[in-house]
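In what follows, every heavy atom counts, from backbone to side chain, and hydrogens, waters and symmetry copies are set aside.
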Amino acid sequence: MRKKLATAVAVLAVFAMTGIANANLLTNGDFENTNTTSWTHWAWGAGWSEHTVKSPAVGGNDTLLLNVGNAWYNGGGGAYQTVEATAGTTYSLTVDSGAEGWWQPTGEMALIWFDGTGTNEISKSSRYTVDPAVYGTNTFDTLMPMENYELIGLAPAGAEFVKVEFASRMPDGVGGTITFDNAVLEVIPEPATLGLLGLAGMGLWIRRRISR
């Protein structure tokens, strides 16, 4: 009887862990598929947003990635993707970001929350990636290798969609390029969910002990 009970707990544990396991909510987060419509690109003035391959020598990683920026004192660019969201849920957005060694570009990653219409913005959570305020203000023409950045955002009341956006921001209007790759949007489990994971792990442990 004890063995059957432990087996049942173990089976439930597997289902629980499978359902709770985080998955990337973004499509084509690694930007490897250039034919997909998952990312919407935008640019203005002398700005651009494109899928391209860049080497580490110019702020890339030798794979296809998102490359955004602008020339000199005019324009900007970025790309976004909108997915369903649940109000009251906490999300984690991570991305690798770097900058080519010219001028002083700044990258931005953002979670923009919308209501059920998908068009009415409720609020926005954002942070800089490659940021002159962090690496210094006298770093013109300095290569910024790719590093991983994280943004945590709580979906506000009424939120049903979240727009994930990566863009270039140019302090003082100067030009430059920013790279983004390996974007991942995940749900951060609530404490009760983490407790369920602990229970699931205990069930598996009990089954192993009884099976010996």
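Heavy-atom minimum distance, Ser125 versus Gly153: OG-CA, 4.3 Å. Pairing each heavy atom of Gln81 with each of Thr27, the nearest pair is OE1-N, 2.8 Å. Between Leu93 and Ala110, the shortest heavy-atom contact is CD2-O, 4.0 Å. Between Ile178 and Val130, the shortest heavy-atom distance links the atoms CD1-CB, 4.1 Å. When all heavy atoms of Val68 and Gly78 are compared, the closest pair comes out as CG1-CA, 3.8 Å.
In this structure, Leu111 and Val164 have side chains that are in contact, with non-hydrogen atoms separated by less than 4.5 Å. Looking at Leu65 and Met146, their side chains come closer than 4.5 Å, going by heavy atoms from C-beta outward. Val162 places a side-chain heavy atom less than 4.5 Å from the side chain of Val83. Thr82 has its side chain out of reach of Thr40: every pair of non-hydrogen atoms, C-beta onward, lies at least 4.5 Å apart.
In this structure a side-chain-to-backbone donor-acceptor pair under 3.5 Å is missing from Ser168 to Gly76. Looking at Asn182, its side chain never comes within 3.5 Å of a backbone N or O of Asp30 through a donor-acceptor pair. In terms of modelled atom types and a separation under 3.5 Å, the side chain of Glu121 and the main chain of Ile112 share no donor-acceptor contact. Using a distance-only test at 3.5 Å, with no hydrogens or angles considered, a donor-acceptor pair links the side chain of Asn28 to the main chain of Asn33. A side-chain donor-acceptor contact under 3.5 Å links Thr179 to the backbone of Gly59. Panel note: side chain Ser92, backbone Glu186; no donor-acceptor pair is recorded below 3.5 Å.
The cluster map of Ile, Leu, Val, Met, Phe, Trp and Tyr, joined by side-chain heavy atoms under 4.5 Å apart, puts Phe114 and Trp39 in different clusters. With hydrophobic clusters built from ILVMFWY side chains whose heavy atoms lie under 4.5 angstrom apart, Phe180 does not share a cluster with Val58. Hydrophobic clustering (side-chain heavy atoms under 4.5 Å, transitive across Ile, Leu, Val, Met, Phe, Trp, Tyr) keeps Tyr80 apart from Leu25.
Applying the side-chain hydrogen bond (donor to acceptor under 3.5 Å, both in side chains) rule to pairs touching residues 52-63 yields Lys54-Asn67, Lys54-Glu100, Lys54-Thr177, Asn61-Thr63, Asn61-Asp181, Thr63-Asp181, sequence neighbours excluded. Applying the salt bridge (Lys or Arg N to Asp or Glu O under 4.0 Å) test to pairs two or more places apart or on separate chains, none has a residue in residues 144-161.
Phe31 and Phe166 have perpendicular rings, their planes meeting at more than 60° on a 0 to 90° scale where under 30° would count as parallel.
Atom CG of Leu64 and atom OG1 of Thr34 lie 6.5 Å apart (nearest 0.5 Å).
Residues meeting the ring-ring contact (aromatic ring centres under 6.0 Å, His included) test with Trp113, sequence neighbours left out: Tyr91. A search for side chain to side chain contact (heavy atoms under 4.5 Å, CB included) contacts involving Thr37 returns nothing, not counting sequence neighbours. Every residue two or more places apart in sequence or in another chain was checked for a salt bridge (charged side-chain N to carboxylate O under 4.0 Å, His left out) with Lys163, and none qualifies.
Checking Thr129 against Ser97 by side-chain atom types alone, a donor-acceptor pair falls below 3.5 Å.
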Check residues 41-48 and write down every donor-acceptor pair under 3.5 Å in which the side-chain atom is one partner and the other belongs to a residue at least two apart or another chain.
unit_1, atom_1, unit_2, atom_2, d
His41, ND1, Ser49, OG, 2.7
His41, NE2, His51, ND1, 3.4
Trp42, NE1, Glu165, OE2, 2.9

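Other residues, nucleotides and ligands contribute more than 12 heavy atoms inside 6.0 Å of the OH atom of Tyr149.
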